[in-house]
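Scroll down for the structure; my scribbles are underneath it.
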There are 2 protein chains.
Amino acid sequence: MPRNVSAEELVKRYTMRLAVNVYRFTLEGQPPSLGAVTETSPKRATIAAVARRAGVSPSAVSHVFNGRPNVSAATAERIRQAADELNWRPNYASRKVSGGGGRSLGLVIARASDTFGRDPFFMRLIAGLTEPLADIGWSLSLTLVQADEEERVYRQWWGEQRVDAFLLVDVRTDDPRLALVEQLGAPAVLLGAPIDDGVPAVTVQDDTAFATVLGHLGELGHVSVARVADAPGLAHTRARDQRFSRAAAEQGINASFVAWDPTADDPVAELLGRLGAATAIVVDNESIAAEIVAHAPEVGVEVPEQLSVVAWEDSWVSTLVRPRLTALDAPVEESARTAVALLERLVRGEDAGSRTVSGRRLVVRDSTGPAPAPARSASAPKAARTSRTRSSQTHEEEGS
Amino acid sequence: MPRNVSAEELVKRYTMRLAVNVYRFTLEGQPPSLGAVTETSPKRATIAAVARRAGVSPSAVSHVFNGRPNVSAATAERIRQAADELNWRPNYASRKVSGGGGRSLGLVIARASDTFGRDPFFMRLIAGLTEPLADIGWSLSLTLVQADEEERVYRQWWGEQRVDAFLLVDVRTDDPRLALVEQLGAPAVLLGAPIDDGVPAVTVQDDTAFATVLGHLGELGHVSVARVADAPGLAHTRARDQRFSRAAAEQGINASFVAWDPTADDPVAELLGRLGAATAIVVDNESIAAEIVAHAPEVGVEVPEQLSVVAWEDSWVSTLVRPRLTALDAPVEESARTAVALLERLVRGEDAGSRTVSGRRLVVRDSTGPAPAPARSASAPKAARTSRTRSSQTHEEEGS
DNA sequence: GTGAAAGCGCTAACAC
DNA sequence: GTGTTAGCGCTTTCAC
C-alpha cells in the first residue's frame with residue numbers, strides 16, 4: 001500500500017471500512033452494499049466475495065483450494081467457477097500469515113557479478129529449477145551477495161519469512177551456512193557432496209568420472225595429467241583431488257595439481273608455464289577451460305597437439321570455442337529437480353535423505369588428442385588438425 | 001505449516017493457544033507464562049515479544065521498523081536492541097497482509113532453457129538487478145515459462161500477491177503483457193523502447209549506435225553491410241532496421257537485411273551463403289555472432305579478412321571467441337538500476353516516466369578489419385592476422 | 001457437508 | 001510520544 005495515497009484512495013478505503021462496519025453492526029447475512037463495493041472496486045477479490053458468489057462460507061472456499069475433503073463435488077465446482085469469474089486466487093501473504101505453507105525457495109549466491117555471469121552452470125541451474133518449482137506452485141527468490149553479507153541475507157530472508165527453504169550452492173569447506181540453517185530451523189538442501197546429516201545433499205555421481213577421463217587420455221597416450229582447480233575454498237575441491245590421485249594411480253598415470261591464478265597478468269600463460277611434464281589438463285571450471293583453449297595458441301601452445309584440455313562441466317560454451325572442448329557433462333537439470341523434490345518433503349515436515357543423481361558423461365570433442373611425442377618441444381610444428389569439425393562422441397559413464 | 005504434524009508439534013500448538021487464551025481471559029497486562037512460551041519456543045519471535053522486551057507497545061515497534069517519526073530516539077534504540085536480541089525481523093507476509101508495501105519484483109521470462117541459457121545478457125541483467133533491489137529491501141522472483149503459459153503466470157503471481165511489480169523483458173510487437181499489467185493494475189516497467197504511456201520504459205540510447213558502427217566499418221573500407229536480426233517478433237527489431245537503413249543512407253553505405261535461421265542444418269553456412277555483396281554484418285545477438293566468427297572459417301570464410309562481424313551486445317563471451325568480437329556494449333547494469341528506481345516510484349504510487357540510459361559503446365576487437373579487395377574471391381589467402389592480440393580500443397558513443 | 005469464529009503477525013488510525 | 005484497537009485475507013478448529 002503506498003505511503004502517499006491519493007484522495008480517491010482515501011475515500012475508497014473509508015468507503016470499504018464503512019461497508020464493513022455496517023456489515024458488522026447489522027449482524028446479518030450479507031448487506032448488498034458490501035458485495036457491490038468489493039466486487040466492483042479495483043481491489044482484488046477476496047475469499048469472502050467468492051464465497052458470497054458461490055453462496056457458501058469462506059471456509060468452504062478455503063477447503064476447496066486446499067484440497068481438503070469436506071466439500072461436496074457439486075459445491076466445489078460451484079466455488080471454483082465463482083473464483084474463476086472473479087479471477088480470484090488465494091492471497092499468498094494471507095495464506096502464509098495464517099499458517100499456510102509457504103512456497104518460495106531462496107537461492108543466495110555469494111559471488112561477484114562477473115564470476116556469476118561467466119559460469120554457465122548457473123544459467124542451467126536457474127532454468128532447471130524453475131520448472132519443477134512451478135510444478136509445485138513455488139517460485140524462486142534469487143540474489144547475489146558479497147561474502148560478508150551472506151549470513152545476514154540468510155537470516156533476513158528467513159526471519160522475514162520471505163522464503164521457506166534454501167538451496168545451498170558453492171558449498172565451502174567448513175561452510176558456516178550448514179550450522180546457520182540448522183540453527184534457524186530452515187529447510188535446506190545443498191548441491192554437492194553430503195557434509196552434515198542435518199542438510200540433505202544432492203550429489204552428482206562422480207566416483208568414476210576421473211577414471212573415465214584418464215582412460216580416455218591414457219588411450220591417447222598421455223602419461224602425465226594435471227588437474228586445475230578454480231576455487232580452493234570449495235568443498236568439492238579436496239574430494240576431487242583425492243579421486244583424481246587415486247584414479248591416476250590405478251591407471252599408472254602421473255598426476256599433478258596446478259592452481260589457476262586469476263590475478264596474474266596473463267593467467268593462461270602463467271598456468272601453462274607451470275605445467276611441467278603434463279600433456280593434458282582437467283579443468284574444474286568450464287569458462288576457464290574455454291579461456292585456456294582459446295588463448296593457449298597465442299602464447300605458443302597448440303591444443304590439442306601440444307596440450308589436451310578437458311572441462312569439468314559442459315554447456316554451449318564448450319561448443320563455441322575452437323577447438324571445441326572435451327567436457328564432463330553433469331545432469332544439472334536432474335540435480336535441480338531432485339533438490340526441489342527433497343525440499344518439498346522437508347517443508348512438509350517429512351524427512352529426506354541425501355540423493356545421488358546420475359554420473360557425468362564424457363563428451364569427447366576436439367580439445368583432446370594424441371599426446372605429443374616426447375622429443376618434440378614447445379617449437380613443435382603446428383600440425384594441421386586431423387578433422388576440425390569431427391562430430392562429438394559420447395562416452396556414457398557407468399553409474400555406481 | 002506442515003500438514004502432517006508430529007505429536008510434539010501438536011502439544012506445542014496447544015500450549016501456545018492455552019497461553020494466549022489465558023492472556024485473553026485475564027484481560028491484564030502480560031502474563032509471564034505467555035512471554036516464556038513465546039520466547040523460548042522454537043517459533044520465531046513476534047512483534048509482541050519484542051515490544052514486551054523493550055517495555056513498549058507493538059505499535060511502537062512497528063513505527064520504528066517503518067521509519068515513522070513518532071518514537072523518541074531513546075525508545076527506538078531500546079526497541080532495536082530488543083529486536084536484535086530476539087533476532088526478530090518483521091514478518092514479510094504479515095506486513096503485506098496488513099497493508100504494508102510488498103517488496104518483490106517478478107521477472108517472468110518466456111524463453112526455452114537453452115535460448116535463455118545462451119544469452120549472457122540475462123546473467124548481466126539478473127546480477128544487475130539484485131544489487132539495487134537489495135538496497136531497497138526487495139527481492140527478485142524469477143521464472144521461465146513457455147509462451148502459452150506466460151499470461152497465466154503473470155495473473156497468478158499478481159493475483160496471489162506473490163510479487164508487487166513486474167519487469168518486462170523481450171517485449172514483442174503488440175505485446176499482450178502491456179494491456180495485461182494495466183488491466184491487473186500491476187506496476188510494471190519494460191526494458192526497451194517506450195510503447196505505451198501506461199508502462200514506463202527504460203531505453204538504451206541507441207540513436208547513434210548504427211552511425212558509430214557504420215563509421216567504423218566505413219573507415220575500414222566496407223561499402224556493403226548487412227544486419228542480422230535474431231527474433232523477428234521482438235519489438236526492437238523493426239526500430240533497429242529503420243535506424244540501420246537511415247544511418248547507412250547517410251553514410252553512403254549499402255544496407256541489407258539477412259535473417260538468422262536456427263532451423264537450418266548449418267545456420268552459419270546458410271547465413272553466409274545469403275550475404276550477397278555484404279562484407280560486414282551487424283548481429284543482434286551476441287551468442288549468434290560468436291557462433292558465426294567461430295564457425296565461419298570452417299566453412300571457408302575468414303573473419304575478419306573476408307567478413308567483418310559486429311555483435312550488438314557485449315559480454316565475456318565476445319572476448320572468448322577468436323577472433324574476439326567487436327561489440328556494442330550496452331549499460332545493462334545501469335538499465336537494471338534505473339528500472340528498479342522507476343518501479344519503486346510506481347509502487348509508492350508516484351508516477352514515473354520513461355527513462356533513457358547512456359548509449360552503447362563500440363568496443364573494437366578483432367572481428368572487424370579492412371574490407372576485402374573486391375577482386376579477391378572466396379579463395380583469398382588466409383593472410384596472417386596483423387596483431388592477433390591487439391588490445392581493444394573503445395569508441396565512446398556520444399549520448400543525445 | 002457446512003459455517004461461525006478465533007487467530008496468524010503485523011500496520012495504521014486514533015485516542016490518550 | 002505512546003498505546004489501543006480494528007482490521008488485512010486467509011486457515012483451521014469445532015459446533016452444527
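Just so it is clear, the structure is predicted and the values come from calculations on it, not from any experiment. Protein chains get the first letters and strands the later ones, always in sequence-line order, with residue 1 at the start of each.
Distance A:Ile47 CD1 to C:dC8 P: 18 Å, rounded to the nearest Å. The distance between atom CZ of B:Phe65 and atom P of C:dT11, rounded to the nearest whole Å, is 10 Å. One interatomic measurement links the two molecules: CG of A:Asn91 to P of C:dC10, which rounds to 16 Å at whole-angstrom precision. Between the C1' atom of C:dG9 and the CH2 atom of B:Trp88 lies a distance of 9 Å, rounded to the nearest Å. In this structure, A:Leu86 places its CG atom 11 Å from P of D:dC10, rounding to the nearest Å. Remark: P of C:dG9 and NZ of A:Lys96 are 12 Å apart, rounded to the nearest angstrom. Rounded to an integer number of Å, the gap from CZ of B:Arg95 to P of D:dC10 is 21 Å. To the nearest angstrom, P of C:dT2 lies 8 Å from CD1 of A:Ile79.
Taking a 6.0 Å sphere around CG of A:Asp148, one finds it holds more than 12 heavy atoms contributed by other residues, nucleotides or ligands. More than 12 heavy-atom neighbours from other residues, nucleotides or ligands sit within 6.0 angstrom of CD on A:Glu182.
Ring planes of B:Phe166 and B:Tyr154: tilted class, angle from 30 to 60°.
Contact annotation: A:Thr75 does not reach the phosphate of C:dG1 (side-chain N/O to OP1 or OP2, under 4.0 Å). For the pair A:Ser57 and C:dG3, the criterion of a side-chain N or O lying under 4.0 Å from OP1 or OP2 is met.
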Side chains of residues 73-83 of chain A: which donor-acceptor partners sit under 3.5 Å, not counting sequence neighbours?
| unit_1 | atom_1 | unit_2 | atom_2 | d |
| --- | --- | --- | --- | --- |
| A:Thr75 | OG1 | A:Ser72 | OG | 2.5 |
| A:Arg78 | NH1 | A:Ala54 | O | 2.3 |
| A:Gln81 | NE2 | A:Glu85 | OE2 | 3.3 |

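Helix bend of the helix from C:dG1-D:dC16 to C:dC16-D:dG1: the angle between its two end axes, each built from five pairs, comes to 30° after rounding to 10°.
Between the side chain of A:Ser59 and the base of C:dG3, at least one donor-acceptor pair of N or O atoms lies under 3.5 Å.
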So which protein nitrogen or oxygen atoms get under 3.5 Å of nucleotides 14-16 of chain C's nitrogens or oxygens?
none

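The two atoms that bring A:Ala51 and A:Pro58 nearest to each other are CB-N, 3.5 Å, heavy atoms only. Minimum interatomic distance between A:Pro200 and A:Leu346 (heavy atoms only, all atoms of both residues): CG-CD1, 3.9 Å.
A:Ser62 comes within 4.0 angstrom of a nucleotide base, judged by non-hydrogen atoms across all strands. At a threshold of 4.0 angstrom between heavy atoms, the contacts of A:Val97 include nucleobase atoms, whether or not backbone atoms are also involved. Across all strands shown, A:Val61 has no heavy atoms under 4.0 Å from either base or sugar-phosphate atoms.
Atom CG of residue A:Leu142 and atom CG of residue B:Leu129 lie 10.0 Å apart, to the nearest 0.5 angstrom. Residue B:Leu140 holds its CG atom at 8.5 Å from CG of B:Leu167, rounded to the nearest 0.5 Å. Separating the CG atom in A:Asn87 from the CD atom in B:Gln156 is a distance of 11.5 Å, to the nearest 0.5 Å.
Between B:Ala73 and B:Ser98, the residue anchored closer to the 5' end of DNA chain D is B:Ala73, taking for each the nucleotide with the nearest heavy atom.
The aromatic ring centroids of A:Trp158 and B:Tyr92 lie 6.0 Å or more from each other.
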